[in-house]
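Below: the structure, in structure tokens.
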Amino acid sequence: MSEHLPRRPSWACRGCAEPWPCPAYRRRLRPAQQPLAVVVLTTQAVDAIRDLAEPPERVLRRFLWFTPLTEADCLAVLRNTGHA
């Protein structure tokens, strides 16, 4: 997965230039990696909110909605980051 990492401040994938987290990153994320990935993605999403000229809700959906979090979990992250 090392080639599919984010490039800041655009948050495009270094490997495929898709918006990160890219489809290849999402496909390669194993279930055992998901709990740690959620923590990392949440932190990166907060950084992306600062870098991107997009609504925070859109950035959080992009970073978290593909994870095993429920919609309520994602909304709680949104509230806890001060964006809800």
Looking only at non-hydrogen atoms, find the nearest pair between [X] and [Y] and report the distance.
X     : Y     : value
Cys22 : His4  : SG-ND1, 3.3 Å
Val59 : Ala48 : CG1-CB, 3.7 Å
Arg26 : Pro21 : NE-O, 3.0 Å

Among residues two or more places apart or on two chains, list those pairs meeting salt bridge (Lys or Arg N to Asp or Glu O under 4.0 Å) that have a residue in residues 38-50.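 Listed by first then second residue: Arg8-Asp47, Asp47-Arg50.
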Can you check whether [X] reaches [Y] side chain to side chain, under 4.5 Å on heavy atoms?
X     : Y     : answer
Leu60 : Ile49 : yes
Leu41 : Trp20 : yes
Pro6  : Gln44 : yes
Cys13 : Arg7  : no
Arg62 : Glu54 : yes
Asp51 : Trp11 : yes

Under-4.0 Å salt bridge between Arg28 and Glu3: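 Looking at Glu3 together with Arg28, the answer is yes, because their closest N to O distance falls below 4.0 Å.
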